[in-house]
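Each chain gets a letter, A, B and so on, in the order the sequences are listed, and its residues count up from 1.
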Amino acid sequence: MQPIIIVRLRDKAEQAVHHIVGKSGHHLGNMRMQPSPNNQIEMLRQMQTIRRFEERASDDFHAGDIYGVVHCYIGEEAVAVGVCSALERDDRITSTHRGHGHCIAKGADLNRMMAELYGRETGYCKGKGGSMHIADFSIGMLGANGIVAGGIPIVTGAGLAAQLDGNGGVAVSFFGDGASNAGPFHESINIAAKWKLPMLYICENNLHSANTPASKTLALEDVAARAAGYGIPGVIVDGNDVMAVHDAATIAVARARAGEGPTLIECKTYRQSGHTERLEAYEHRTSEEIDLWKKKDPITQFANNLIQREGQLSEADWKQMDDEILQAIQASVDFAKASPFPKPESALDDIFAQ
Amino acid sequence: MQPIIIVRLRDKAEQAVHHIVGKSGHHLGNMRMQPSPNNQIEMLRQMQTIRRFEERASDDFHAGDIYGVVHCYIGEEAVAVGVCSALERDDRITSTHRGHGHCIAKGADLNRMMAELYGRETGYCKGKGGSMHIADFSIGMLGANGIVAGGIPIVTGAGLAAQLDGNGGVAVSFFGDGASNAGPFHESINIAAKWKLPMLYICENNLHSANTPASKTLALEDVAARAAGYGIPGVIVDGNDVMAVHDAATIAVARARAGEGPTLIECKTYRQSGHTERLEAYEHRTSEEIDLWKKKDPITQFANNLIQREGQLSEADWKQMDDEILQAIQASVDFAKASPFPKPESALDDIFAQ
Amino acid sequence: MRQISYAQAGSEALVEELRRDPKTLVLSTDAAPALVEEFGDQRIRATPIAEGAVTGMAIGAAGSGYRPIVNWRIVTFSFVAMDQIVNQASKIHYMFGGQAKFPLVFRATVGGGGKLAAQHSQSPYSMFMNLAGLKIILPSTPYDMKGLMKSAIRDDNPVISFESSRLMGFKGDVPEEEYTLPIGKADVKREGSDITIVAIAWLVHEALAAAETLAKEGVSVEVVDPRSLFPLDAETIRTSVRKTGRLLIADEAGPTAGASAEIAALTAEDADTFACLKAPIKRVCALQVPVPYSPVLEDHVFPDRDKIAAGVRAVLG
Amino acid sequence: MRQISYAQAGSEALVEELRRDPKTLVLSTDAAPALVEEFGDQRIRATPIAEGAVTGMAIGAAGSGYRPIVNWRIVTFSFVAMDQIVNQASKIHYMFGGQAKFPLVFRATVGGGGKLAAQHSQSPYSMFMNLAGLKIILPSTPYDMKGLMKSAIRDDNPVISFESSRLMGFKGDVPEEEYTLPIGKADVKREGSDITIVAIAWLVHEALAAAETLAKEGVSVEVVDPRSLFPLDAETIRTSVRKTGRLLIADEAGPTAGASAEIAALTAEDADTFACLKAPIKRVCALQVPVPYSPVLEDHVFPDRDKIAAGVRAVLG
Ligand SMILES: Cc1ncc(C[n+]2csc(CCOP(=O)(O)OP(=O)(O)O)c2C)c(N)n1
Ligand SMILES: Cc1ncc(C[n+]2csc(CCOP(=O)(O)OP(=O)(O)O)c2C)c(N)n1
Ligand SMILES: [Mg+2]
Ligand SMILES: [Mg+2]
């Protein structure tokens with residue numbers, strides 16, 4: 001079984017059509033799936049919210065208001081939003097160290113997120129977790145994670161729970177190209193495939209893991225090719241094209257809900273920011289490569305698309321949307337700053353559930 | 001990339017020819033590789049030595065002379081012998097909990113093996129290891145292992161050493177179908193493939209892991225299919241046909257020595273004995289299945305072949321060979337029994353190398 | 001009262017809790033046929049040999065409303081799951097600010113005596129005591145096993161149930177009627193006045209045997225069984241030591257940074273107890289070596305009733 | 001004498017040993033460009049994020065004649081390699097009857113202070129002390145770092161080099177000329193007569209600061225730095241306690257079954273030392289919780305010079 005590539009093209013009427021092709025080039029079929037215009041605008045809003053949230057988080061980290069470490073998802077927003085827009089609120093996900101995007105796309109509250117980054121009592125984790133550990137179980141966000149590949153088994157357990165519940169729920173694992181070389185990836189996908197768990201495994205292949213290029217760590221360029229070893233579909237999609245991601249996820253979700261088991265979707269994307277917002281020892285990526293990908297920015301592309309091709313958005317709408325987003329982000333910072341730090345003694349709370 | 005199957009057939013002149021076919025059936029080529037008659041007889045001798053060694057180990061375990069646990073390899077001898085006959089003495093291997101066959105095939109001394117099982121000072125590990133931990137670094141046998149998949153990374157490190165040495169050495173990992181679902185399998189093969197380490201990964205797919213059938217644990221029936229995810233050849237071979245195993249290993253060894261990287265070879269075989277020689281809680285395999293595989297016994301098949309088809313061995317030779325083997329096994333037991341137990345205080349030796 | 005074995009007591013507790021709560025499920029590389037028959041292969045799952053992923057899956061299922069019981073089988077195999085234990089299970093409730101519950105049980109046998117050599121004869125429970133956020137039980141009798149196991153399964157937190165290999169066939173009184181025992185409460189297994197022996201699991205029985213021998217020599221031994229290692233019932237131990245003035249700790253694990261070290265420390269750091277100490281604390285543990293295979297070597301490495309009795313005589317001077 | 005940082009001292013030792021012995025090699029998920037440049041990408045290898053396999057590979061390469069140095073980076077990531085550490089590296093020399101050598105170094109940073117929350121702020125060295133067959137160093141100064149690291153790389157056994165995150169930028173005297181320090185020898189960092197503080201890594205400096213403060217109050221503090229945790233230099237610690245009669249242990253890890261517990265136990269079990277003890281032993285450690293993120297919480301959890309000074313006052317009564 002070869003990985004399947006979903007390429008998003010335009011037909012003569014300039015409508016988006018997905019062409020599904022085998023990796024060797026033969027055509028497997030077409031597909032036309034369009035979320036409603038409203039949904040698309042909502043998706044754009046989410047992507048821009050992620051972007052603005054992280055720009056602010058980065059600034060405030062450098063200003064010393066946010067502590068520890070912050071990993072930005074800038075440039076990869078189409079993945080989280082493309083996938084989560086294909087999910088229901090009760091569906092469950094786990095995220096990575098680079099988790100803000102998944103939180104926001106799954107519907108997390110900006111105030112509580114920002115308050116957590118600020119280490120405040122009103123944060124999602126009462127200040128105990130910080131950027132790498134935001135979770136909101138009420139919306140099926142089972143946590144960011146400081147361990148590469150650590151969340152993959154956990155969300156596979158959520159997939160098991162969904163299967164046992166029998167209500168058609170699905171579970172989605174987000175992880176990087178780096179994580180795809182770690183044991184938990186293999187162990188989890190094998191189990192999910194064998195048990196036909198309702199799962200999506202979303203590899204965010206941003207071509208690098210910290211300071212090591214994927215070309216040095218992946219035996220094969222395409223993570224999706226690994227699906228063949230488990231008898232499940234392996235899909236490659238342009239991870240900077242939110243609609244392509246959305247459609248690939250939609251198919252996989254349908255498959256999962258129908259009891260047909262997991263799908264591995266590899267989203268080819270790029271992290272425009274550094275590995276973390278700290279001063280890293282070095283940046284091994286060339287500025288040419290970074291610039292190239294900045295030109296393929298997922299938000300600019302999508303916004304232009306909605307404005308120019310689909311005509312669903314005017315330049316003014318877009319500007320206004322961005323203003324609203326910036327206000328919401330400012331409000332989240334205000335909320336965080338107005339919130340008290342936790343009481344020192346509360347460090348002793350929450351060790352055990354009572 | 002699909003797994004390659006090597007099928008051993010006869011041509012019109014009744015000579016063994018290997019047909020290499022893709023899993024979907026198309027023919028990829030033929031191959032004719034015959035070790036010399038002497039080597040074949042030596043291979044038969046090794047297989048029968050493994051068989052007799054374990055029959056005796058089982059008896060003596062039940063008699064209370066061997067302690068702890070013994071895992072027999074009965075029925076799988078063609079794998080160890082087929083592979084090790086394609087190796088040089090300096091090539092390195094690691095084994096599993098089911099390790100006697102690999103030891104003997106790699107050239108280990110029967111006396112020191114039996115003495116180790118008997119817990120004596122003269123054993124390979126001075127009585128510290130027992131059946132699950134026999135090693136002989138002088139012949140490149142880097143150890144049996146009580147941890148499923150535990151030896152895979154270790155021998156991959158030996159492959160790294162071989163690559164750095166630059167002397168054309170290879171390293172071979174033996175492991176079970178069960179182990180192929182564990183993280184170290186994936187992590188190691190990915191690294192070996194990326195670094196083009198001179199490795200053979202030999203999956204002994206005996207269709208079961210302890211009391212669980214492979215059909216319940218392998219997402220796909222063929223472990224070899226996983227090779228596709230790493231861009232390396234995945235080969236399926238009849239693991240009860242020692243010549244087929246030998247030939248598949250020979251090709252892979254040549255590939256490894258040429259710097260072309262690892263090969264994954266799946267040997268379809270069967271364990272005729274129980275999971276261990278202890279009283280297991282239950283045997284989940286049907287007696288039909290066990291009987292069926294006993295009919296495909298690798299030693300009987302190979303001996304018959306050498307006697308009937310190749311005419312390299314007479315019935316009398318074979319009987320004599322077996323007698324010699326039984327004598328060697330008896331001698332190893334005599335050696336073990338004549339050897340002292342280690343001194344109790346020697347438990348405190350060998351914690352650290354000086 | 002009826003007598004059942006330590007192993008049976010564990011199984012009984014498990015089966016009763018599986019019947020009681022449909023959200024419980026069992027994950028293990030080896031699915032016991034009797035359980036599959038009664039509870040079906042959805043709730044009793046034979047997994048691939050991938051204890052790491054399986055442990056993580058249990059965490060995710062627990063966070064999604066289930067109560068998984070993972071049987072790692074021998075503690076040896078827990079080490080492939082260590083990331084999920086240390087970095088996830090023990091921290092996840094805290095790290096996320098207590099927003100979700102993770103009711104989880106991990107079962108694992110510990111100890112030697114089986115001539116299984118270094119990998120399969122370990123007693124590494126102290127490695128898990130150092131984590132916050134995990135409870136640990138390690139019972140010594142069928143009665144304690146059943147009562148603690150039921151509590152573990154009902155607990156809303158991750159609990160590791162360490163179970164002594166040597167005691168699997170050991171029989172003892174277990175009532176027919178339902179009961180549970182609190183996690184975190186030590187049990188005085190024998191009262192005495194001259195010395196306190198805090199003994200763990202199998203060594204409780206060795207300590208009791210040593211106490212019999214010593215009684216004939218006129219020495220009155222108190223035997224305290226912590227039963228759970230986290231939380232560790234410091235108060236019961238200290239109270240006993242304040243009474244006897246002497247402490248010996250018997251553990252099948254090596255001493256270094258072991259449960260025995262913790263018990264020594266929490267005794268020596270308590271002012272009232274320290275004031276009552278008449279003699280140095282003594283640890284009678286396994287030698288600090290990997291466990292060897294050969295019977296003569298293995299016997300040399302582990303503590304037993306004789307070594308305990310000798311240790312008591314040494315403390316009493 | 002020239003001053004270099006703790007981090008530089010470690011790098012210097014590494015580079016010098018890489019130059020000295022062509023069989024050394026470095027495996028890490030992040031290959032430092034300077035090392036790759038000098039030693040090439042065959043000996044300095046950037047690995048996939050697969051610390052478990054990489055650790056096992058190091059064992060196999062060591063058994064095949066190489067001297068691998070694995071940089072796990074943060075100790076957090078060692079847990080995915082725990083099977084290879086516990087079941088293989090620490091037992092392999094013994095289990096195989098001593099027939100092969102396994103010269104291995106594992107490097108990992110430990111400790112908190114970085115506001116990195118629970119997973120990335122651990123000090124779990126005591127989990128590794130309980131294994132036999134692994135040496136453990138944990139230096140507190142650039143001088144000790146360089147000397148111990150060189151010994152670790154030359155040692156024919158697996159050695160874990162734990163390195164304090166908080167001390168990375170800390171500078172101290174390091175001679176230009178070559179030297180090594182023995183693994184297993186504690187160092188008295190300050191002499192005193194009223195109380196012994198055994199302090200680990202970063203807390204050595206906090207203890208020294210506390211000692212300054214206390215000196216002004218007329219209290220004479222001796223500070224002992226174990227420098228290596230296995231073997232642990234019981235003799236130097238006991239000698240100090242026999243002199244001062246009092247013991248406080250300061251550790252950035254939680255107390256439970258920690259290095260602090262072991263130090264307490266080996267003091268309380270030694271008859272001569274016990275006889276000299278004038279007060280209960282005191283542990284000033286992190287609170288036994290996962291480490292929280294928010295600065296106010298993190299500060300509350302960790303010990304420091306003030307908590308040490310308060311502890312000393314409490315012991316002195
Ligand atoms: C097991 C483990 N090893 C190492 C690290 C350190 N680390 C944090 S992020 C990262 C790179 C991850 O790369 P990838 O999975 O591709 O995700 P990306 O950062 O590119 O989103 C590394 C090595 C870790 N968190 N966990
Ligand atoms: C990590 C780990 N988990 C569980 C076990 C217990 N165990 C020993 S052998 C075995 C089955 C192994 O199956 P397979 O890899 O197919 O090898 P086979 O026994 O069939 O040769 C199991 C589960 C183990 N040794 N290691
Ligand atoms: Mg990446
Ligand atoms: Mg098998």
Tell me, side chain or backbone of [X] under 4.5 Å from chain C's heavy atoms, or both, or neither?
| X | result |
| --- | --- |
| A347(A) | both |
| L197(A) | side chain |
| A171(A) | neither |
| D165(A) | both |

[atom1]-[atom2] distance between [X] and [Y], expressed to the nearest 0.5 angstrom:
| X | Y | atom1 | atom2 | value |
| --- | --- | --- | --- | --- |
| Q88(C) | N145(A) | CD | CG | 4.0 Å |
| Y66(C) | L160(A) | OH | CG | 8.0 Å |
| I154(A) | T55(C) | CD1 | OG1 | 10.5 Å |

Is [Y] close to [X] at the side-chain level, that is, under 4.5 Å between some pair of heavy atoms?
| X | Y | value |
| --- | --- | --- |
| P153(A) | Q84(C) | yes |
| T47(C) | K194(A) | no |
| Q163(A) | Q42(C) | yes |
| N157(C) | I351(A) | no |

Inset, instruction - Would you kindly say whether D156(C) and Q354(A) are connected by a side-chain donor-acceptor distance under 3.5 Å? - result: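 No, no side-chain donor-acceptor contact under 3.5 Å.
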
Return the option, out of [options], with the maximum number of heavy-atom pairs under 4.5 Å with chain A.
| options | answer |
| --- | --- |
| G98(C), S90(C), A53(C) | A53(C) |
| K101(C), R43(C), R45(C), K135(C) | R45(C) |
| G56(C), A100(C), A62(C) | G56(C) |

Inset, instruction - Please determine, among G150(A), G129(A), P342(A), the option with the most heavy-atom pairs under 4.5 Å with chain C. - result: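 When all of G150(A), G129(A), P342(A) are compared, G150(A) has the most.
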
Counting N and O atoms only, with roles assigned by atom type, does the side chain of [X] sit under 3.5 Å from a partner on the main chain of [Y], one being a donor and the other an acceptor?
| X | Y | answer |
| --- | --- | --- |
| K126(A) | G97(C) | yes |
| Q99(C) | A135(A) | yes |
| E187(A) | V54(C) | no |

Legend entry - Row check, F96(C) ring normal vs K128(A) NZ/CZ: under 6.0 Å, within 45°: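 Because its charged atom misses either the 6.0 Å distance or the 45° angle limit, K128(A) does not stack over F96(C).
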
Inset, instruction - Identify the two heavy atoms, one from W195(A) and one from A46(C), that lie closest to each other, and give their separation to 0.1 Å. - result: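 Shortest heavy-atom contact: CZ2-O, 3.7 Å.
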
Legend entry - Neighbour count above 12 (heavy atom, 6.0 Å) for K23(C) NZ: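 Correct, the count exceeds 12.
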
Inset, instruction - Please state whether the rings of F352(A) and F230(C) are parallel, tilted or perpendicular, taking 30° and 60° as the class boundaries. - result: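 Plane angle between 30° and 60°, so tilted.
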
Inset, instruction - Identify whether the distance between the nearest side-chain nitrogen and carboxylate oxygen of K91(C) and D350(A) falls below 4.0 Å. - result: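 D350(A) and K91(C): not salt-bridged.
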
Inset, instruction - Let me know if L134(C) has heavy atoms under 4.5 Å from chain A in its side chain, its backbone, both or neither. - result: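 Answer is backbone: N, CA, C or O of L134(C) sit under 4.5 Å from chain A.
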
Inset, instruction - Check L142(A), L164(A), V155(A) against S64(C) for a side chain to side chain contact (heavy atoms under 4.5 Å, CB included) and give me the one that passes. - result: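 The option that passes is L142(A).
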
